[in-house]
Peer 1: 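Got a structure here, written out as structure tokens. Questions coming.
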Amino acid sequence: MSFLPIHLSDGRVLNMKIRKSKRAGRFWLKADISGIYMVAPADNYGINQATRFLEDKKAWILKAVQYYEKVRAECGIDNLRSNAISFLGKIYNLQVVKDTRFSITISTSLCKITVHVTDLRDYKNEIKQWYHTETRRIVTERLEFIIRMNPGLPAYNKVFIKDHTARWASCSEKRNLNFSLLLAMLPIQVIDYVIIHELAHLVQLNHSKRFWDIVKKMDPEFQTHRKLLHKYSMLIKYTRIS
Ligand SMILES: [Zn+2]
């Protein structure tokens with residue numbers, strides 16, 4: 001990995017990371033929640049050529065940098081570290097230590113989650129088990145509360161907590177509600193939105209205007225929560241358990 005400085009029009013100097021790739025036939029840029037980098041063909045490329053490419057893309061780079069800065073601020077992470085983990089919308093540093101039995105301690109003041117695991121090689125599964133339990137507890141509580149607040153909803157069949165990382169939730173034709181075990185990562189109001197979204201599918205198994213009207217009735221701020229959900233989806237990719 002090498003770096004190339006680029007002067008952005010807001011006055012900052014960005015040290016652009018450059019990754020060489022054998023498959024890249026040309027220069028291209030990639031930006032996501034963890035930052036921005038440039039992919040370059042693995043064969044020798046001229047510094048002048050690379051600099052010129054970055055100069056041409058300056059406006060795009062600034063826009064991308066500013067956009068993801070906003071996303072990180074909204075998710076409560078300014079500098080995303082590789083050991084970041086989220087619980088109920090708050091970002092923590094994850095520390096994994098070996099112990100004789102599984103336990104977990106959450107320090108809000110230190111922004112740290114310490115996981116004591118019995119097998120260091122299998123810590124991801126032990127953490128997933130913990131998320132599973134927490135998500136089950138939270139979903140049970142919130143589901144009951146939301147149903148009490150919105151009488152007249154059709155009944156659901158069963159609730160399943162699934163090992164899904166690509167999908168937050170779904171509603172089946174058998175009226176079962178499925179939730180990803182990672183749901184406990186989200187802020188509580190976003191978890192409520194996900195539950196409300198699936199409950200509304202019990203009435204409308206589509207995303208029609210009528211469906212969104214039902215969602216809005218139960219969650220007037222659903223649009224904000226939907227956007228937040230999208231941002232957390234990007235974050236999930238960078239947690240150590242997915
Ligand atoms: Zn849906």
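For ligands, and for the atoms within them, numbers begin at 1 and follow the listed sequence.
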Peer 1: Could Lys162 and Phe160 be counted as a cation-pi pair, given that NZ or CZ must be under 6.0 Å from the ring centre and within 45° of the axis?
Peer 2: yes

Peer 1: Does the Lys NZ or Arg CZ of Lys209 fall within the cation-pi geometry relative to Phe211 - under 6.0 Å from the ring centre and within 45° of the axis?
Peer 2: no

Peer 1: My understanding is that only residues two or more places apart in sequence, or in another chain, count here; which of them pass salt bridge (charged side-chain N to carboxylate O under 4.0 Å, His left out) with Glu134?
Peer 2: Arg137

Peer 1: For His197 and His207, test the side chains for any donor-to-acceptor distance below 3.5 angstrom and give the result as yes or no.
Peer 2: yes

Peer 1: Pairs in or reaching into residues 51-70: which pass ring-ring contact (aromatic ring centres under 6.0 Å, His included), with residues at least two apart or in two chains?
Peer 2: Phe27-Phe53

Peer 1: Just distance, no hydrogens or angles: give the donor-acceptor pairs under 3.5 Å from side chains in residues 7-14, sequence neighbours left out.
Peer 2:
unit_1: Asp10; atom_1: OD1; unit_2: Arg12; atom_2: N; d: 3.2
unit_1: Asp10; atom_1: OD2; unit_2: Arg12; atom_2: NE; d: 2.9
unit_1: Asp10; atom_1: OD2; unit_2: Arg12; atom_2: NH2; d: 2.9
unit_1: Arg12; atom_1: NH1; unit_2: Glu69; atom_2: OE2; d: 2.5

Peer 1: Under 2.8 Å from the Zn ion (ligand 1), protein N/O/S atom count?
Peer 2: 3

